[in-house]
Amino acid sequence: MDKNRLKSAYQELFAPSLKKATDLVVDRAEGPYLYGIDGDRYLDFVQGIAVNALGHGHPALVEAALGQIRRLGHVSFNLVTYPQALELAEELKRHAPGGLEAFFLANTGAEAVDGALKLARYVTGRTSIVAFRGSFHGRTMGAASVTSSNVSFRRHYAPFMPQVYFAPYPYCLRCSFGRKPDDCGLECLEYLKQDLNYIIPGEDVSAVLFEPVMGEGGYVVPPGPYVEALGRLARDLGALLIFDEVQTGLGRTGRLFASQHFDVQPDVMCLGKAVGGGFPLAVIASRREIMEKWPPGAHGTTFGGHPVACATGLALLKIVSRPDFLAAVREKGEYFRARLLKFKADYPAVADVRGLGLMNALELAKADGSPDPDLAGRITNRLREKKILLLTCGVKGNVIRFIPPLNVEQRLLDEVIEALAEALAVLTKA
Ligand code: PMP
C-alpha cells in the first residue's frame, strides 16, 4: 500500500468506535522509540498503553518469543499443559504478595476483571460488587459494568450487570468532602460504610474491586490509611478484595505490584498489559483455598495462557522482578517527579503532580480549579510536534500521564521535562 493510501485508509476501513489518540501510522519501533512511515522518530512515553515495560523489541523478549514460536505456538491450555505456562506461574508465585499462588490465565485486562468477578460470585455465593467512581476496568459487558471513568464507556449499553455500587475513590485533589490531605478523616470511606447501612447490604457483597493506583481515571495515588482500612472493611464483610493491577503491575510503580506499597493483602489480583511481555496475556491470581472453590468447567478460554505470551512474559518477569531493577525504577520516578514538581511551583495551571515509580502524571486546571482538558490537549499536541508521544487520562482528560519504559535513560526523562517546560511557558502565557 502506498504511503498516502496508508495515511487515509483508516477512516474507510475501521469502525469509528475506537477513538484514536493520534493519526500516526507507524512502521517499526525500537527501545524507547517509534518510527512513523515518513521516517520520523518519536520518543514513546506511552509504550502501547503501559504494555512494553522494557520498551519496544527488548532483545531478551524477542529471543524468548521467537524461540517459542518455533517450538510450540497455540495449542490451547484447555486441552494440554506446557512448560511455559507452568514456569510463568511458578515465577509469579515466587513474587506475588500474600499467598496469591494459584492462577487463571486469560488474554486481556477486561477478561481478567470479568473472570475475577465471576470467581468472587462463585465462591462467595453473593452477587453485589463494590466498585469505585472514576475507575476503569475494561470494555466487555462485565468490565464495563464496573467502569465509571467516562460516561461514554457506558452510554447506550444498559442494562449492565446488576448490583454494582460505586463508592467514591480517594481522589484527594478533588475530594468530594472538601478535605485536604492534612485534615482528612477518610470521609470517603465513611460514606461507603454508611451506604452499607442504607443501600447495599454488606452480607450481599461478593467483591470490593479497587485499583491500587487509579489508571485511566487520572493516575491517582490513594492514601495508605484508606487502602488499609478498605482491606479491613472487605474482610469484615466477608467479600473478596480484588486489586486490578492491570496497569500498575509488573514494576510500573517501583514495586513489582502496587499493593506492595500498602499494608494490605488482596484476595485476588488481576494482571494484564505488561504481563505478556508485549503479547496478549492476563492473569487472575488468588489463594489456593479460594481457587479451589471454582470447579472444573466454571471458567475457560481458547487463547488464554498462549505459549508465546507465557514465554515472553516469563522473560520479562525475570528482569523486572530483580530488586536492583525495581530500586532503579523508584529512583528514576523520584527524580522525574521532583522535576515535574517544579512546574507546580511555577505554573498555577499545574494543579497536581503525582505518581509512584514510573507511573506519573501532571493534572492541569483552570484558574478556578476546574479541570483544563484543553490545555492538556494543547501540551500533548505541542510535544507530539517535537516528536514526543504522550497520552492524557482522567475523567475529563485533563491529566497528562507519563509511561516511559521502566529501563528508560535519565537523559530521556530530561528531554521530556525540557519539552514540557517550553510548552508550559508558551501555552500558559496570559
Ligand atoms: N484494568 C485497568 C486498570 C486498565 O488500565 C485496563 C486498560 N487500560 C483494563 C483493566 C482493561 O484492559 P484491556 O484493555 O486489556 O482489556
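Just the heavy atoms: all of them, side chains too, but no hydrogens, waters or symmetry mates, feed the values below. Order of appearance sets the numbers: ligands from 1, and atoms from 1 within every ligand. Because the structure is a prediction, the values reported are computed rather than measured.
With ring centers used as reference points, F104 lies under 6.0 Å from H299. Side-chain rings of Y33 and H56 stay apart, their centers remaining 6.0 Å or farther from each other.
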Could you pull out every N or O of ligand 1 that sits under 3.5 Å from a protein N or O, with the distance for each pair?
| residue | atom | partner | partner atom | Å |
| --- | --- | --- | --- | --- |
| ligand 1 | 1 (N) | D244 | OD1 | 3.3 |
| ligand 1 | 1 (N) | D244 | OD2 | 2.7 |
| ligand 1 | 5 (O) | Q247 | NE2 | 2.8 |
| ligand 1 | 8 (N) | E216 | OE2 | 3.2 |
| ligand 1 | 8 (N) | K273 | NZ | 3.1 |
| ligand 1 | 15 (O) | G109 | N | 2.9 |
| ligand 1 | 16 (O) | G109 | N | 3.4 |
| ligand 1 | 16 (O) | A110 | N | 2.8 |

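Between F132 and F210, the ring planes lie perpendicular to each other; the angle is over 60°, past the 30° to 60° tilted range.
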- Please assess R401 against Q247 for the test side chain to side chain donor-acceptor pair (under 3.5 Å), listing each intermediate value before the final yes or no. CA-CA 12 Å; R401 57 173 145 171; Q247 189 151 178; 3.1 Å; yes
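Both tests hold for R28 against Y35: distance to the six-membered ring centre under 6.0 Å, angle to the ring axis within 45°.
Under 4.0 Å is where a charged nitrogen must lie from a carboxylate oxygen, and between D374 and R378 at least one such pair does.
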